Protein chains: 2
Amino acid sequence: MTATAKEPRAHQESQEPQEPQGNPRKRRAILNAAGTVFLRDGFTRAGIDAIAAEAKVSKQTVYNHFGDKERLFMAMTDDVQDRTVAHVMELMDRDFPDPSKLTGPEDLRAALLQLAGEWIRVVYTGPLVALRKLVDAESEHHPYLQQRWFTNGPSRTMPRLNRLLSALARAGLLDVPAEVLDVPDLLAYQLTAMAGSAVRRIEPGVDFEAEFQRRVAQGVDFFLRAYAPR
Amino acid sequence: MTATAKEPRAHQESQEPQEPQGNPRKRRAILNAAGTVFLRDGFTRAGIDAIAAEAKVSKQTVYNHFGDKERLFMAMTDDVQDRTVAHVMELMDRDFPDPSKLTGPEDLRAALLQLAGEWIRVVYTGPLVALRKLVDAESEHHPYLQQRWFTNGPSRTMPRLNRLLSALARAGLLDVPAEVLDVPDLLAYQLTAMAGSAVRRIEPGVDFEAEFQRRVAQGVDFFLRAYAPR
DNA sequence: AAAAATATGGACTCACTAGTCCAGCTATCG
DNA sequence: CGATAGCTGGACTAGTGAGTCCATATTTTT
């Protein structure tokens, strides 16, 4: 009878203070279990009992930590997104070369290939796709989920990628019209959406890795065909 | 006690014979109601009782016609898709000009704008998006749903659009490299994915229609920037 | 007009789930 | 060491939803 939902709920707006009550190790275990079970079964079908079992924790503990199913779902979503965003950010630091160091168009292509490939891999294979589907499916019933998703994810990564690509344009390595540069995140969207064709159904039986690379390359080449200076 | 699921179920493979038992008007009413309720509430939350009520039909009648919830869902999905595909096909007939009649690049741009705009409007606003989300969300649990979706929808429309675009390339109005032409549906995908940026979250408060048009134009211009001959 | 097929509505079974309550157990920390 | 916060497991409430059954009514076909 510790925390039977004291706060009057502060969803809509922003960050619930959420003092980290209880043992953090249990909290982690529950969060992970929630990830597993929600992603496997979907929001409605997933049972708190199943999550508690998966986390090797009693049901009451789940309620002590997270209050109710919906808040548990949100906490799990935030958690997965935070870790993914960190991953993607690191990726951009690591794989994106200093524009001034690129010697020729082949270098540029290689860099984009590397970056777009890793980006797509992280964002579109792995648990994030499934999670996105869930959020999408639930968003009809919990509209703020959508907004939260964007605020928490794409709104953090896309401007970053867009800045990197704009820098290439400024350095003369890409020839991008001003109308495009002026629209927030558009350039980043164009690159990732194209490379995202990598996500279209890959026939079973086909070598996934090879096909994946091929499609990322198609996307990057389309992007370059539009914006490579000549 | 007419049809308590006699057939041993023939999902996985192809078309259930499904002789149209019962009154077709009731069948239509149920299908429409199923559309409304499933799309509003999602698969799990939607109740057969609610659907029956919406269709002004008794619960038993629903079961007589469709056997169970899952088959009802599939029948509804097929129905919506069939009607959408018909719509899109008609659109292509209507809006896509004879390549030989196009006099200049401005004509081409206008034609693509028209076609892509209508296409995106039909496919990405309206009930189909919501349905797609549902199928996506359920596909974890009923894997054949995905395949059925593609077979029934994109597999019918994309090759058609691709053929139209290829014709433009053949007529010299677009300059598309052979590697692209050789990949099935790639060209069509590139156009629609680009114009599909129109679907990215439009801020509430912004004039939807204007913003929509602007984005479709961005997509088409990107496409043309890559493939317009010079 | 009789026979056959369908539709109705309401009662019923069965399974399942969110969330609560509680009495006893365990780890932690002053 | 003893108090306290957190954890456990299981029993319990209250609600919901799929699918069935059936006696009665309505519609369609012959």
Side-chain angles (χ1 to χ4, degrees), chain A residues 1-9 18-34 37-38 40-76 134 138 141-142, chain B residues 1-9 11 18-34 36-38 40-76 134 138 141-142:
Chain A
M1 50 193 72
T2 341
T4 2
K6 287 172 185 172
E7 303 106 295
R9 199 156 303 186
Q18 192 107 210
E19 52 246 274
Q21 62 205 156
N23 181 341
R25 291 234 296 266
K26 303 262 172 188
R27 193 182 180 83
R28 254 263 74 78
I30 296 172
L31 241 20
N32 292 342
V37 176
F38 274 130
R40 191 188 56 209
D41 297 345
F43 181 81
T44 313
R45 268 184 264 254
I48 301 288
D49 295 279
I51 293 171
E54 175 78 22
K56 289 183 180 120
V57 134
S58 87
K59 177 153 67 152
Q60 188 58 52
T61 301
V62 176
Y63 280 99
N64 284 346
H65 277 264
F66 296 97
D68 63 22
K69 196 182 183 180
E70 195 180 320
R71 281 192 282 186
L72 173 56
F73 182 78
M74 286 199 307
M76 178 275 282
L134 274 192
E138 284 311 303
H141 282 269
H142 311 288
Chain B
M1 47 192 75
T2 340
T4 0
K6 286 171 183 173
E7 303 107 293
R9 199 159 303 188
H11 282 149
Q18 193 108 214
E19 52 247 273
Q21 62 205 156
N23 181 340
R25 294 232 296 265
K26 303 262 171 188
R27 193 183 181 83
R28 254 265 73 79
I30 297 172
L31 240 21
N32 292 342
T36 305
V37 176
F38 274 130
R40 190 188 58 212
D41 298 345
F43 181 80
T44 315
R45 269 185 263 255
I48 300 287
D49 294 279
I51 293 171
E54 175 77 24
K56 289 182 178 121
V57 133
S58 87
K59 178 152 68 150
Q60 187 60 50
T61 300
V62 175
Y63 281 100
N64 284 345
H65 278 266
F66 297 97
D68 63 23
K69 196 182 184 181
E70 195 180 320
R71 280 192 283 187
L72 173 57
F73 181 78
M74 287 199 305
M76 179 275 283
L134 275 192
E138 284 311 302
H141 280 268
H142 310 287

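Protein chains get the first letters and strands the later ones, always in sequence-line order, with residue 1 at the start of each. Every value quoted in this text rests on a predicted model; they were computed, and no experiment measured them.
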When rounded to whole Å, the CG to P distance for the pair A:Asn64 and C:dA18 reads 17 Å

Using only heavy-atom distances, decide whether a donor-acceptor pair under 3.5 angstrom links the side-chain of A:Lys59 to the base of C:dG19.
yes

Between CZ of B:Arg27 and P of C:dA7 the distance, given in whole Å, is 11 Å

Scanning both residues in full, the closest heavy-atom pair of A:Asp41 with B:His141 reads O-NE2, 3.3 Å

Comparing nearest nucleotides in DNA chain C, the 5'-proximal residue of the pair B:Thr61, A:Phe43 is B:Thr61

Side-chain atoms of A:Lys26 come closest, of C:dT20, D:dT8, C:dA7, to D:dT8

Under a 4.0 Å heavy-atom cutoff, the residues of residues 49-57 of chain B touching DNA chain D are none

dist A:Thr61:OG1 -> A:Lys56:NZ (nearest 0.5 Å) comes out at 15.0 Å

B:Arg28 atom CZ is separated from C:dT6 atom C1', nearest whole Å, by 19 Å

Taken to the nearest whole Å, CD1/B:Ile48 to P/C:dT13 is 21 Å

Taken to the nearest whole Å, CD/A:Gln60 to P/C:dA18 is 14 Å

Rounded to whole Å, the CG-P distance (A:Asn23 to D:dT4) equals 20 Å

Hey, is the main chain of B:Phe43 close enough, under 3.5 Å, to the side chain of B:Lys69 for a donor-acceptor pair?
yes

Rounded to whole Å, the CZ-C1' distance (A:Arg45 to C:dA15) equals 15 Å

Among D:dA18, D:dC7, C:dA18, the one nearest any side-chain atom of A:Lys69 is C:dA18

Minimum side-chain heavy-atom gap A:Ile30-A:Leu72 below 4.5 Å: yes

Atom CZ of B:Phe66 and atom C1' of D:dG19 are separated, to the nearest Å, by 16 Å

**Request:** Taking the side chain as every heavy atom from C-beta outward, state whether B:His142 and B:Met74 have any pair of such atoms under 4.5 Å apart.
**Result:** no

With sequence neighbours left out, the residues meeting side chain to side chain donor-acceptor pair (under 3.5 Å) with A:Thr44 are none

Worksheet entry | B:His65 vs C:dT6: side-chain N/O to OP1/OP2 distance below 4.0 Å | no

With the side chain defined as heavy atoms from C-beta on, B:Ser58 is closest, among C:dT8, D:dT20, D:dC7, to C:dT8

d(B:Gln60 CD, B:His65 NE2) to nearest 0.5 Å is 10.5 Å

